[in-house]
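Written below as structure tokens is the structure these notes are about.
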Amino acid sequence: MARIIAGIGSSHVPAIGAAIDNGKTEEPYWKRVFSGFVKSQEWMRETKPDVAIIVYNDHASAFSVEMIPTFALGCAAEFPPADEGWGPRPVPVVQGHPALASHIAQSVILDEFDLTICNKMEVDHGMTVPMNLLFGNVDKNAHWPCPVVPLAVNVVMYPPPTGHRCFMLGRAIKKAVESYPEDLKVVIFGTGGLSHQISGPRAGLINSKWDKAFLDNLSKDPQKLVKIPHVDYMREAGAEGIEMVMWLIMRGALDDKVDEVYRFYTVPASNTAVGHIILANRSRTARRRAPAHKAGKRAAAGKAKAPARRAAARAKATIIRG
Ligand SMILES: [Fe+2]
């Protein structure tokens with residue numbers, strides 16, 4: 001049986017992709033951002049997921065004002081990087097998982113979530129930047145470490161889906177994955193945000209207090225977040241802050257109780273707050289199959305020696321910057 005073992009929230013700031021592609025990751029401005037993902041990449045290498053479901057939004061690359069699906073699931077065998085105006089990013093073609101994606105489509109649609117099925121789709125920075133942040137820089141002629149099931153969400157044109165709808169779709173995805181017969185270790189990404197506004201009189205808006213509360217509730221009390229109306233995202237997190245509803249799909253696909261493995265927050269990157277969180281399911285199967293943070297498990301069982309307990313405390317500690 002397949003199982004979602006963890007959820008990852010990550011901003012997908014396009015300038016981060018440009019910094020990678022133009023060799024600027026060691027410059028002080030960008031090093032501050034990339035240093036926050038070093039532990040996450042270690043966690044990902046240790047976890048070795050079989051598949052990643054990545055919830056992201058298209059930025060008028062695969063879709064346009066002519067066609068705006070609210071939820072679009074990628075069922076293709078591969079997803080080439082889109083040309084976003086200066087050529088496709090020099091990253092590998094994203095390999096899909098058509099069998100799992102088709103299973104999710106069937107299960108979720110029969111659960112009354114009317115997804116658009118995409119058998120051909122290019123993907124933009126909304127997906128490839130979080131992949132870089134979590135998987136590292138991968139040569140465009142190599143392969144990403146695991147196949148991906150993309151789920152594109154409309155947060156560009158009004159009306160985007162509500163936070164509650166997103167959370168419930170996450171629930172349906174969880175059910176779908178758990179009814180897939182193959183033994184797969186799955187992680188799910190929610191991407192976008194955090195607070196930012198890229199145009200208008202409030203361009204450059206960043207609300208760190210709001211962002212921190214969002215991350216806290218995502219970890220401990222997501223039901224508070226599902227009630228937030230669109231207008232509050234607009235007021236508090238800026239016009240583009242609505243991207244944060246995509247994190248609720250990720251959270252809905254996890255167990256009610258999760259362990260916060262890691263958190264990182266910094267401002268600014270471009271004109272955006274960068275947020276990142278890793279939440280791990282506590283369920284027995286997930287714990288048995290997830291190799292990360294062995295020190296934490298030993299500490300929880302009361303078997304750890306003092307240095308291991310300190311290591312576990314460090315691993316659990318949240319890192320907030322900015
Ligand atoms: Fe975006």
Side-chain angles (χ1 to χ4, degrees), residues 8-37 40 54-61 65 81-87 89 91 123-134 137 152-158 160 163 189-216 218 225 228 230-248 263-277 319-322:
I8 296 139
S10 172
S11 300
H12 62 217
V13 186
I16 293 177
I20 295 169
D21 300 344
N22 294 300
K24 296 183 176 178
T25 57
E26 291 300 313
E27 292 182 2
Y29 180 89
W30 289 110
K31 196 164 185 173
R32 171 180 52 86
V33 174
F34 290 105
S35 66
F37 291 84
S40 314
I54 301 187
V55 182
Y56 75 108
N57 70 285
D58 179 78
H59 301 77
S61 301
V65 290
D83 183 345
E84 299 181 58
W86 43 88
R89 289 197 61 216
V91 294
V123 292
D124 67 15
H125 71 272
M127 199 169 88
T128 59
V129 164
M131 290 181 74
N132 276 135
L133 290 172
L134 271 295
N137 300 345
V153 180
N154 169 42
V155 289
V156 174
M157 293 289 286
Y158 190 83
F189 286 52
T191 73
L194 293 178
S195 57
H196 65 301
Q197 177 152 337
I198 58 177
S199 61
R202 297 199 307 162
L205 178 146
I206 288 175
N207 186 343
S208 297
K209 191 175 169 192
W210 161 276
D211 291 337
K212 181 179 183 305
F214 186 90
L215 292 171
D216 289 346
L218 195 74
L225 301 180
I228 298 173
H230 289 145
V231 69
D232 283 10
Y233 284 98
M234 293 280 287
R235 286 187 183 124
E236 300 291 339
E240 280 72 36
I242 190 61
E243 289 183 346
M244 293 158 83
V245 295
M246 295 187 289
W247 293 43
L248 296 179
R263 184 192 299 197
F264 174 70
Y265 181 83
T266 189
V267 292
S270 183
N271 58 356
T272 306
V274 171
H276 169 45
I277 201 164
I319 297 177
I320 304 286
R321 299 179 189 178

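Predicted model, so just to flag it, every value in this text is computed and none were measured.
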Q) Nearest 0.5 Å, what's the CD-CZ distance between Glu84 and Arg89? A) 8.0 Å
Q) Are any non-hydrogen side-chain atoms of Thr191 and Met127 less than 4.5 angstrom apart? A) no
Q: Taking the side chain as every heavy atom from C-beta outward, state whether Glu236 and Phe214 have any atom pair closer than 4.5 Å.
A: no
Q: Check side-chain contact (heavy atoms from CB on, under 4.5 Å) between Asp83 and all other residues, then give those that pass, not counting sequence neighbours.
A: Pro88
Q: Can you spot which of Val129, Asp58, Asn57 makes a side chain to side chain contact (heavy atoms under 4.5 Å, CB included) with Asp124?
A: Asp58
Q.
Run the side chain to side chain donor-acceptor pair (under 3.5 Å) test against Asn154 and tell me which residues pass, sequence neighbours left out.
A. none
(Q) Could you check whether any side-chain heavy atom of Trp247 comes within less than 4.5 Å of a side-chain heavy atom of Leu194, counting everything from C-beta outward? (A) yes
**Q.** Listed partners of Asp232 passing salt bridge (Lys or Arg N to Asp or Glu O under 4.0 Å), at least two apart
**A.** Arg235
Q.
Using the rule side chain to side chain contact (heavy atoms under 4.5 Å, CB included), only one of Val91, Ile54, Val123 pairs with Met131; which is it?
A. Ile54
**Q.** side-chain contact (heavy atoms from CB on, under 4.5 Å) against Thr25, all qualifying residues, sequence neighbours excluded
**A.** Ile20, Phe34
Q: Measure the shortest side-chain to side-chain distance between Val274 and Val13 over non-hydrogen atoms and say whether it is less than 4.5 angstrom.
A: yes
Q) Atom CZ of Phe189 and atom OG of Ser10: how far apart are they, to the nearest 0.5 Å? A) 7.5 Å
Q: Would you give the length of the straight line joining atom OG of Ser11 to atom CG of Asp211, rounded to the nearest 0.5 angstrom?
A: 8.0 Å
Q) Rounded to the nearest 0.5 Å, what separation is found between the CG atom of Leu225 and the OH atom of Tyr233? A) 6.0 Å
Q. Quick one: does Arg32's side chain have a donor or acceptor within less than 3.5 Å of a partner on Pro268's backbone?
A. yes
Q: Flag the pair Phe37 / Phe264 as yes when at least one side-chain heavy-atom distance between them is below 4.5 Å, and no otherwise.
A: yes
(Q) Give me each pair satisfying ring pair (Phe, Tyr, Trp, His ring centres under 6.0 Å) with a member in residues 10-31, each pair once, sequence neighbours excluded. (A) His12-His59, His12-His125
Q. Can you find a pair of side-chain heavy atoms, one from Asn271 and one from Gln197, that are under 4.5 Å apart?
A. no
Q | Partner residues of Thr272 under the side chain to side chain donor-acceptor pair (under 3.5 Å) criterion, sequence neighbours left out | A | none
**Q.** Close side-chain approach of His276 and Leu133, heavy atoms under 4.5 Å
**A.** no
Q | Smallest separation among heavy atoms of Leu205 and Gly238, with atom names | A | CD2-N, 3.6 Å
